[in-house]
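Since the structure is predicted, the reported quantities are computational estimates derived from the model, not experimental observations.
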Amino acid sequence: MLQCIFLLSDSGEVLLEKQLTGHRVDRSICAWFWEQSIAQGDSFKFLCRVADVLSDYLGGLNEDLIKDNFVIVYELLDEMIDNGFPLTTEPNILREMIAPPNIVSKVLSVVTGTSSNVSNTLPVATASCVPWRKMDPKNTSNEVYVDLVEEMDAIISRDGTLVKCEIYGEVQVNSHLSGLPDLTLSFANASILNDVRFHPCVRLRPWESQQILSFVPPDGQFKLMSYRVKKLKNIPIYVKPQLSSDSGICRISVLVGIKNDPRKPIDSITVEFQLPPCVLSANLTPNHGTVNILANKTCSWSIGRLPKDKAPSLSGTLVLAAGLERLPVFPTFQVGFRVMGTALSGLQIDKLDFKNLPSRPYKGFRGLTRAGEYQVRS
């Protein structure tokens, strides 16, 4: 049972406070929560669900969006929590109850003086056995798309050894099927999955017995499940930094190339690192892409797609503060990339079957892997 909920800014300021029971909780509880109560998985899962719904409604989640949409945020919390207990958390049903913000609704609220976005009627689906799905939706084109979206987290040591590599992934579904379809999704190698979490539409018994996802999907886009794949041995690209300093000058060279070819184009490659405070100035030149040094001393090297005729490299010098002969601290390099068309975890979809459909729908599958916390130490 939840007694209160707070939305905080990046600086820790309370943007929004909602007391859920008759007992008022002081704002000082926020600091205690992060230190003591973070281990309570159930409440934390619900807070993640609240964050997902707000992000879906507002098109993001930041301080400005919360301040611009106070009324809608309060209305959503009223419907999602009843006297401290989770109630309606499915975005498709919430959209029928509370209209998402748009320019027209904001203009009407100013003209008419009314600010409520709550519907006067309760969605019929709230009383059904599948409350996440609209009652008997009609779609002109029966189709469903399944995407494997993954983020690779890796740590590479100074000598190039792979210290850690794992993937956090999501199975995202975009369903436009009429009636009440029953779907079954199976993987060719489901045994590699760890820490799985499911959408409420997934039946747990088929997964526990056969590792098959059996579900009646919501209408539209939703996250079917999330997972982790641990102890991976291969990474798609390498970043080799070399730093040497003497007489107050540090020479830097960074080389980027393909480590294990995923047989799909690697693009959106970036390399970022923080210049130490003792660096007074930097003169860096790439043979491919562009380099920018931001006001906070972050060096950002944008490469894009790897060229076929050469390996991208960055070289230059760093001028150290007076009295320093050598660089006292070495930066950590943050790498970004994107690989379209494949899931680097190796997870493969075997088949997707349908029931309760009058005709065979179109189905499509895609894979996408991008860098998460991908660090290279120097």
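- Contact of the Thr285 side chain with the Val291 side chain is not registered, since no non-hydrogen atoms from C-beta on lie closer than 4.5 Å.
- Within 6.0 Å of the CD atom in Gln242, the count of heavy atoms belonging to other residues, nucleotides or ligands does not exceed 12.
- Between the side chain of Ser55 and the main chain of Ala51, no donor-acceptor pair closer than 3.5 Å is present.
- Here CG of Leu16 is found 11.5 Å from NZ of Lys67. Values are rounded to the nearest 0.5 Å.
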- Message: Let's go through Lys164 and Glu373 carefully: what are the C-alpha distance in whole Å and the side-chain angles of both, what is the deciding distance for salt bridge (charged side-chain N to carboxylate O under 4.0 Å, His left out) to 0.1 Å, and is it a yes or a no?
- Response: CA-CA 11 Å; Lys164 171 189 173 183; Glu373 291 294 324; over 6 Å; no

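- Put simply, the side chain of Asn287 gets close to the backbone of Ala311: a donor and an acceptor are under 3.5 Å apart.
- In the hydrophobic clustering of ILVMFWY residues, with side-chain heavy atoms under 4.5 Å counting as a link, Leu213 and Ile192 come out together.
- The cluster map of Ile, Leu, Val, Met, Phe, Trp and Tyr, joined by side-chain heavy atoms under 4.5 Å apart, puts Leu224 and Leu204 in the same cluster.
- Using a distance-only test at 3.5 Å, with no hydrogens or angles considered, no donor-acceptor pair links the side chain of Arg228 to the main chain of Asn194.
- Met97 and Phe70 fall within the same hydrophobic cluster, where Ile, Leu, Val, Met, Phe, Trp and Tyr residues are linked whenever their side-chain heavy atoms come under 4.5 Å apart, directly or through other members.
- Here the straight-line distance linking atom CZ of Phe330 with atom CZ of Arg377 works out to 14.5 Å at 0.5 Å rounding.
- You'll find the ring centres of Phe222 and His199 inside the 6.0 Å limit.
- For the pair Leu183 and Phe354, the minimum side-chain heavy-atom distance is below 4.5 Å.
- Between Tyr374 and Phe337, the ring planes lie perpendicular to each other; the angle is over 60°, past the 30° to 60° tilted range.
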- Criterion side-chain contact (heavy atoms from CB on, under 4.5 Å) on Arg366 and Tyr145, from CA distance to verdict: CA-CA 8 Å; Arg366 292 186 304 182; Tyr145 300 93; over 6 Å; no

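- The distance from the CD atom of Glu75 to the CG atom of Leu94 is 11.5 Å, given to the nearest 0.5 Å.
- In terms of modelled atom types and a separation under 3.5 Å, the side chain of Gln3 and the main chain of His23 share no donor-acceptor contact.
- Using a 4.0 Å cut-off between a side-chain N of Lys or Arg and a carboxylate O of Asp or Glu, Arg203 and Asp182 qualify as a salt bridge.
- The shortest side-chain heavy-atom distance between Gln211 and Leu193 does not fall under the 4.5 Å cut-off.
- Here the side chains of Pro331 and Leu243 are in contact, with some heavy-atom distance below 4.5 Å.
- Within 6.0 Å of the NZ atom in Lys231, the count of heavy atoms belonging to other residues, nucleotides or ligands does not exceed 12.
- Side chains of Val339 and Leu368 form no contact here, defined as non-hydrogen atoms less than 4.5 Å apart.
- By the 6.0 Å contact criterion, NZ on Lys363 is enclosed, its count of non-hydrogen atoms from other residues, nucleotides or ligands being greater than 12.
- Using modelled atom types, one side-chain atom of Trp301 and one backbone atom of His288 make a donor-acceptor pair closer than 3.5 Å.
- Nearest approach of Gly372 to Asp153, heavy atoms of both residues: CA-OD1, 3.4 Å.
- In this structure the side chain of Val73 never reaches within 4.5 angstrom of the side chain of Lys18, judged on heavy atoms.
- Of the listed residues (Gln274, Glu272, Gln334), just one forms a side chain to side chain donor-acceptor pair (under 3.5 Å) with Thr298, and that residue is Gln274.
- A continuous path of Ile, Leu, Val, Met, Phe, Trp and Tyr side chains, each step under 4.5 Å between heavy atoms, connects Tyr57 with Ile66, placing both in one hydrophobic cluster.
- Atom CG of Asn283 sits about 8.5 Å away from atom CD1 of Ile293, to the nearest 0.5 Å.
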- Query: Going through the distances and angles, do Gln221 and Gln172 end up as a side-chain contact (heavy atoms from CB on, under 4.5 Å)?
  - Reply: CA-CA 7 Å; Gln221 191 167 359; Gln172 298 180 1; 4.1 Å; yes

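- Of the possible donor and acceptor atoms, none in the side chain of Ser9 sits under 3.5 Å from a partner among the backbone N and O of Leu15.
- Minimum heavy-atom separation, Gln19 to Phe6: NE2-CZ, 4.2 Å.
- Separation of atoms CD1 (Ile156) and OG (Ser378) is listed at 12.5 Å; rounding is to 0.5 Å.
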Under 3.5 Å, which donor-acceptor pairs do the side chains of residues 248-263 form with other protein atoms, sequence neighbours left out?
| residue | atom | partner | partner atom | Å |
| --- | --- | --- | --- | --- |
| Asn260 | ND2 | Ile235 | O | 3.0 |
| Asp261 | OD1 | Arg263 | N | 2.9 |

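- Each of Trp132 and Met225 belongs to its own hydrophobic cluster when Ile, Leu, Val, Met, Phe, Trp and Tyr are linked at side-chain heavy-atom distances under 4.5 angstrom.
- A donor-acceptor pair is defined here as one N or O able to donate and one able to accept, closer than 3.5 Å; no such pair exists between the side chain of Asn69 and the backbone of Leu58.
- Remark: the backbone N or O of Phe85 is not paired with any side-chain donor or acceptor of Asp82 at under 3.5 angstrom.
- Atom NZ of Lys297 sits in a crowded spot, with more than 12 heavy atoms from other residues, nucleotides or ligands closer than 6.0 Å.
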- Going through the checks in order, is the side-chain contact (heavy atoms from CB on, under 4.5 Å) test met by Val279 and Leu327? CA-CA 8 Å; Val279 173; Leu327 191 66; 4.1 Å; yes

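- Heavy atoms only, all atoms of each residue included: Val146 and Leu352 are closest at CG2-CD2, 4.1 Å.
- Residue Leu148 comes nearest to Val171 through the heavy atom pair CD2-CG2, 3.7 Å, listed as atom of the first residue, atom of the second, then distance.
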- Query: What's the verdict on side-chain contact (heavy atoms from CB on, under 4.5 Å) for Arg370 and Val149, showing C-alpha distance, side-chain angles and the deciding distance?
  - Reply: CA-CA 8 Å; Arg370 52 177 171 253; Val149 181; 3.7 Å; yes

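- In summary, Arg49 and Glu90 engage in a salt bridge, as defined by a charged side-chain N under 4.0 Å from a carboxylate O.
- Closest heavy-atom contact between Val229 and Ser345: CG2-CB, 3.8 Å.
- For the pair Thr369 (side chain) and Leu344 (backbone), a donor-acceptor distance under 3.5 Å is present.
- Closest approach of Pro100 to Arg95, counting heavy atoms only: CG-NH1, 3.1 Å.
- Residues Cys201 and Val216 fail the side-chain proximity criterion, which asks for heavy atoms closer than 4.5 Å.
- Atom-to-atom distance recorded for Leu275:CG and Leu280:CG is 11.0 Å, nearest 0.5 angstrom.
- For the pair Glu150/Tyr227, a side-chain contact is recorded, criterion being any heavy-atom separation below 4.5 Å from C-beta on.
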